[in-house]
Amino acid sequence: MKSLALTALAAGLIATGAAHADTYAIDPTHTFATFEIQHFGTSTNRGRFDKKEGTVQLDKAAKTGKVELTLETASINTGTEAFNKHLQSKDFFNVAEFPTAKFVGDKFTFNGDKVAEIGGTLTLLGKTNPVTLKALNFNCYQSPMLKREVCGGDFETTVTRSQYGMTWGLNYGFSDAVHVIIQVEAVKQ
Amino acid sequence: MSAPGRGWAPTSLAQVAWATVTAAQAEPQRYRLDPAHTFVHFEVMHFGTSTLRGRFGPLDGEVEIDPAEGRGQLSLVIPTGSLDTGLKALDQRLCARDLLACEAEPRAYFVAARFTFREGLLTEVRGEFTLRGIGQPLSLIARHFGCYRHPLLQREVCGGDFEAELKRSDFGASFGLPFVADRVRLKIQVEGIRQ
């Protein structure tokens with residue numbers, strides 16, 4: 001009985017403690033946005049953005065949150081220098097003029113206690129359009145190394161690149177729809 | 001060509017020419033891998049939360065395929081030091097002795113001779129994958145496979161996306177278990193230019 005009471009008290013404290021938004025800092029070692037696009041309808045070209053920063057606010061009790069993630073467009077990395085250069089050029093990301101792309105999400109949908117979807121906007125090439133990230137995994141754990149709570153998951157979305165004026169290659173049959181997969185982990189502050 | 005219902009017979013010059021082409025196509029075709037479109041990506045679950053990814057490549061090599069005979073031959077060398085996760089410190093950690101052992105075992109290999117075709121298209125490649133000097137059977141399943149005429153090279157290019165799954169502990173790469181999963185998924189992009 002005593003332990004039950006203590007558990008109830010502890011649960012009460014946790015519930016009270018969780019009734020506000022906690023701030024999490026994006027862990028750059030476990031946060032990457034990777035794009036996938038078909039090459040001549042045959043194989044999948046992949047690339048990712050190596051430099052990024054952001055913060056997440058998450059209120060698990062109120063089931064609300066806000067995420068801001070900024071990607072350095074020049075850090076695009078496909079493993080092939082010539083392809084990187086082409087993607088950095090005016091044909092695609094025009095990194096000289098638009099050095100960052102930014103996702104801001106504030107419409108959190110939960111499935112139980114797990115984030116299921118994040119609606120927001122993606123700003124790319126100076127244009128802002130709505131984007132929804134769908135969670136494939138979501139989980140929080142106590143990191144044994146950091147001794148802090150880490151929350152994160154895998155998200156995916158499809159971006160229509162012509163909405164941002166990125167139209168190179170559409171006339172050769174390269175897809176307008178780009179599949180984006182996002183790994184994210186963020187450390188409680 | 002031949003009239004319906006008749007057995008095939010080379011009774012005209014056109015048919016002789018066609019027969020010659022067919023005979024030539026029945027021989028194994030050699031494709032040189034295009035390093036710009038040949039990479040091995042891996043995915044592994046981190047603390048049951050998010051998917052850690054990395055990439056090996058660009059890779060080169062040669063593939064021989066013979067769809068008519070349902071045969072093929074592939075020998076792929078994967079320099080373990082070409083690992084790129086997007087983060088130097090993570091690359092170094094994954095290259096350590098208890099994981100990829102990049103220094104002691106600078107090459108991983110995939111050698112395969114069992115090719116499965118369906119309607120002329122490659123669906124599966126079975127062979128042996130060697131990592132950290134340990135060889136294990138591995139099957140690559142084609143998610144897409146196709147050929148196209150490359151507009152710049154003016155040659156046939158064949159390729160696709162393949163997937164495979166392995167347990168890293170089978171190769172002795174056991175650091176971080178079970179927080180970082182044992183099951184590793186490989187996603188392989190490959191394109192080869194006809195020689």
Side-chain angles (χ1 to χ4, degrees), chain A residues 26-34 36-52 71-72 75-84 86 114-115 135-146 149-156 169 172-173 181-186, chain B residues 33-41 43-59 82-91 93-94 121-122 142-153 156-163 176 179-181 187-192:
Chain A
I26 294 283
D27 171 4
T29 66
H30 296 107
T31 302
F32 288 97
T34 302
E36 297 186 328
I37 187 165
Q38 281 256 309
H39 182 246
F40 284 104
T42 300
S43 72
T44 302
N45 283 336
R46 294 185 175 87
R48 53 159 205 258
F49 297 92
D50 286 349
K51 292 190 180 153
K52 82 294 291 185
L71 305 171
E72 267 185 44
S75 75
I76 197 160
N77 183 331
T78 61
T80 305
E81 203 42 43
F83 191 22
N84 293 346
H86 193 198
K114 292 184 187 294
V115 174
L136 302 172
N137 298 300
F138 184 86
N139 187 42
C140 297
Y141 65 96
Q142 188 68 23
S143 167
M145 271 117 63
L146 303 168
E149 187 195 45
V150 174
C151 291
D154 292 310
F155 292 82
E156 69 169 358
Y172 301 117
I181 44 178
I182 299 144
Q183 176 197 24
V184 60
E185 291 196 13
Chain B
L33 296 183
D34 171 10
H37 298 103
T38 304
F39 290 94
V40 175
H41 299 261
E43 297 185 338
V44 61
M45 201 61 173
H46 183 250
F47 279 88
T49 300
S50 72
T51 302
L52 192 155
R53 295 185 172 85
R55 170 183 79 208
F56 295 94
L59 303 173
S82 73
L83 169 69
D84 187 341
T85 62
L87 208 78
K88 271 274 171 295
L90 185 55
D91 294 346
R93 183 63 197 88
L94 295 180
L121 295 178
L122 191 53
R143 294 289 171 225
H144 306 110
F145 186 83
C147 300
Y148 64 96
R149 178 126 191 118
H150 197 286
L152 298 177
L153 303 169
E156 186 196 46
V157 173
C158 291
D161 293 313
F162 291 81
E163 285 186 14
F179 305 111
V180 181
K187 288 187 169 177
I188 300 142
Q189 177 193 23
V190 60
E191 292 196 14

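Chain identifiers are assigned alphabetically (A, B, ...) following the order of the sequence lines, protein sequences preceding nucleic acid strands; residue numbering begins at 1 within each chain.
Counting only heavy atoms from C-beta outward, the side chains of Thr29(A) and Leu90(B) never approach each other to under 4.5 Å. Between Asp84(B) and Asn77(A), some side-chain heavy-atom pair lies under the 4.5 Å cut-off. The shortest distance between side-chain heavy atoms of His41(B) and Arg46(A) falls below 4.5 Å. Contact check for Phe39(B) versus Thr78(A): no side-chain heavy atoms found under the 4.5 Å cut-off. With contacts defined as side-chain heavy-atom distances shorter than 4.5 Å, the pair Asn137(A)/Met45(B) qualifies. A heavy-atom distance below 4.5 Å is not found between the side chains of His144(B) and Thr42(A).
Both the backbone and the side chain of Phe47(B) have a heavy atom closer than 4.5 Å to some heavy atom of chain A. When heavy atoms are compared at a cutoff of 4.5 Å, Phe83(A) does not approach chain B at all. Only the side chain of Gln38(A) comes within contact range of chain B, with heavy atoms under 4.5 Å apart. With a 4.5 Å cut-off on non-hydrogen atoms, Val184(A) touches chain B through its backbone but not through its side chain. When heavy atoms are compared at a cutoff of 4.5 Å, Thr85(B) approaches chain A solely by way of its backbone atoms N, CA, C and O. Contact of Val157(B) with chain A is not made at all, since no heavy-atom distance falls under 4.5 Å. When heavy atoms are compared at a cutoff of 4.5 Å, Leu52(B) approaches chain A by way of both its backbone and its side chain.
Ranking Thr49(B), Val190(B), Thr38(B) against chain A, the residue ahead of the rest is Thr49(B), based on heavy-atom pairs under 4.5 Å. The greatest number of non-hydrogen atom pairs below 4.5 Å with chain A, out of Tyr148(B), Phe179(B), Phe162(B), is found for Tyr148(B).
The two atoms that bring Ser43(A) and Gly160(B) nearest to each other are CB-O, 3.4 Å, heavy atoms only. Gln183(A) and Thr51(B) make their closest contact through CD-O, 2.9 Å (heavy atoms, listed as atom of the first residue, atom of the second, distance).
The distance from atom OG1 of Thr44(A) to atom CZ of Arg143(B), rounded to the nearest 0.5 Å, is 11.5 Å. Remark: Ser50(B) OG to Phe155(A) CZ distance equals 10.0 Å, nearest 0.5 Å.
Ring orientation note: the planes of His150(B) and His39(A) are tilted relative to one another, at an angle of 30° to 60°.
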